[in-house]
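These numbers come from a predicted model, not from an experiment. By convention in this document, chain letters (A, B, ...) are assigned in the order of the sequence lines, proteins followed by strands, and residues within each chain are numbered from 1.
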There are 2 protein chains.
Amino acid sequence: MLKLSKRVEYALLSIQVMAKNPDTVVSAKDVADRFNISFTLVAKVLQQLVHAGVVRSYAGVRGGYALAKHAELVSIADVIEAIEGSGSRLVECQEEHDHACTAHTSCTIKEPLQVLHDRIVSTFASMSVAELAGPQLVQITGHVT
Amino acid sequence: MLKLSKRVEYALLSIQVMAKNPDTVVSAKDVADRFNISFTLVAKVLQQLVHAGVVRSYAGVRGGYALAKHAELVSIADVIEAIEGSGSRLVECQEEHDHACTAHTSCTIKEPLQVLHDRIVSTFASMSVAELAGPQLVQITGHVT
DNA sequence: CGAATATACGACTAATTTAGTCCTCGTTTA
DNA sequence: TAAACGAGGACTAAATTAGTCGTATATTCG
């Protein structure tokens, strides 16, 4: 009914590791080994997360990746958008290239589905990746809002 | 970020026509012509809807399809499930064939995402196909609840 | 009856998307 | 300067989705 791509899944797994280990950098190899998944794919996915500003990268020997913001500030929607791009709607107009689908009575379902789309996006936006990591030990240096 | 398949789209378009014309049967050809889409595909999709009990079919010369229930009683979730099946989760366990993914620490994101999945399903369930048809004229023979 | 117009359905091919690999380059650290 | 890392492009493979074809069956109507 609704499946996330492996790329998004790998992104979430990677981020989960980072969220659980806020004080260390995590390399693509770490993630790939830990979950027995393709190193190169994970590496690619992590690069997309860098582009989107979700994680920071550190090159070099003891390099790797770490979250660019607090886990609470990164939503699942952010991650999905980082990987899949922001351009996808629930229903795409089926002739937007030339004559924006005015030819046929088409796309009459587009408008009501937009409402649905927005609701779903906000559902994704309502969960932060911190929730993937589960309850964390309170940081001594941290603070409660 | 989240796209419905053409099959679901065609299903919704077909249902929309039926919801707008509750007193007539709509043939696959009607729908295909109206939206300039593949007749055989629409026919197939409609057959899936029949199997799922969403629409009723009438064979023969002046045959076609009509909603099996009131449009208000059919949700978008029903339609998606009729077409895509009910088996898909947001994140699938990546080794459920043999040794249910206990080998690696994998699937640690599955549980939190289940929550998200349920929310999204209920979002789809919250909208009926009647909303695709827009406000209808009140039927003389109808009644208000 | 029988021709025309529907649905029913399985097998098939084509197109698109997603997954995954490979190779080369730049960076950092010890 | 060598080893361990990220960056990124070009590519192949696999899986999914879209779409076709052929044939069988039901119904209406002249």
Problem - Partner residues of B/Val61 under the side chain to side chain contact (heavy atoms under 4.5 Å, CB included) criterion, sequence neighbours left out - result: none
Handout entry: hydrophobic_cluster_shared for B/Leu90 and B/Val115, side chain cutoff 4.5 Å
Key = yes
Problem - OP1 or OP2 of D/dC5 under 4.0 Å from side-chain N/O of A/Ser57 - result: no
Handout entry: Test side chain to side chain contact (heavy atoms under 4.5 Å, CB included) applied to A/Val50 - qualifying residues, sequence neighbours left out
Key = A/Val55, A/Ser57, A/Tyr65
Problem - Whole-Å gap separating P (C/dG20) and CD (A/Gln48) - result: 14 Å
Handout entry: Neighbour count >12 (heavy atoms, 6.0 Å) for atom CD, A/Glu111
Key = no
Problem - Partners passing salt bridge (Lys or Arg N to Asp or Glu O under 4.0 Å) against B/Lys29 (at least two apart in sequence or in another chain) - result: B/Asp33
Identify the pairs formed between an N or O of the protein and an N or O of nucleotides 25-28 of chain C at a distance under 3.5 Å, and give each distance.
{"unit_1": "C/dT28", "atom_1": "O2", "unit_2": "A/Val61", "atom_2": "N", "d": "3.3"}

Problem - N/O donor-acceptor pair under 3.5 Å between A/Ser122 side chain and A/Ala125 backbone - result: no
Practice task
Would you confirm whether B/Asp78, through its side chain, and B/Ser75, through its main-chain N or O, come within 3.5 Å as a donor-acceptor pair?
Solution key: yes
Completion exercise
Whole-Å distance, A/Gln47 CD to C/dT21 P, equals 15 Å
Handout entry: Protein-nucleotide distance (A/Phe39, atom CZ; C/dC22, atom P), rounded to Å
Key = 13 Å
Practice task
Answer with base, sugar-phosphate or nothing: what part of the nucleic acid does A/Ala43 contact at a heavy-atom distance below 4.0 Å?
Solution key: nothing
Problem - Whole angstrom value for the distance that separates P of D/dC5 from CG of A/Leu46 - result: 14 Å
Problem - Value in whole Å for how far the C1' atom of C/dT18 lies from CD1 of A/Ile37 - result: 15 Å
Completion exercise
A/Ala52 meets the side chain to side chain contact (heavy atoms under 4.5 Å, CB included) criterion, sequence neighbours left out, with A/Val54, A/Ala82
Handout entry: hydrophobic_cluster_shared for B/Val17 and B/Tyr58, side chain cutoff 4.5 Å
Key = no
Identify all pairs in which a protein N or O lies below 3.5 Å from an N or O of nucleotides 15-19 of chain D, and state each distance.
{"unit_1": "D/dA18", "atom_1": "OP1", "unit_2": "B/Lys6", "atom_2": "N", "d": "2.6"}
{"unit_1": "D/dG19", "atom_1": "OP2", "unit_2": "B/Tyr10", "atom_2": "OH", "d": "3.3"}

Practice task
Compare side-chain N and O positions of A/His51 against OP1 and OP2 of D/dG8 and report whether any pair is under 4.0 Å apart.
Solution key: yes
Exercise for the section: May I have the distance from A/Tyr65 (atom OH) to D/dC5 (atom C1'), rounded to whole angstrom? Expected result: 8 Å
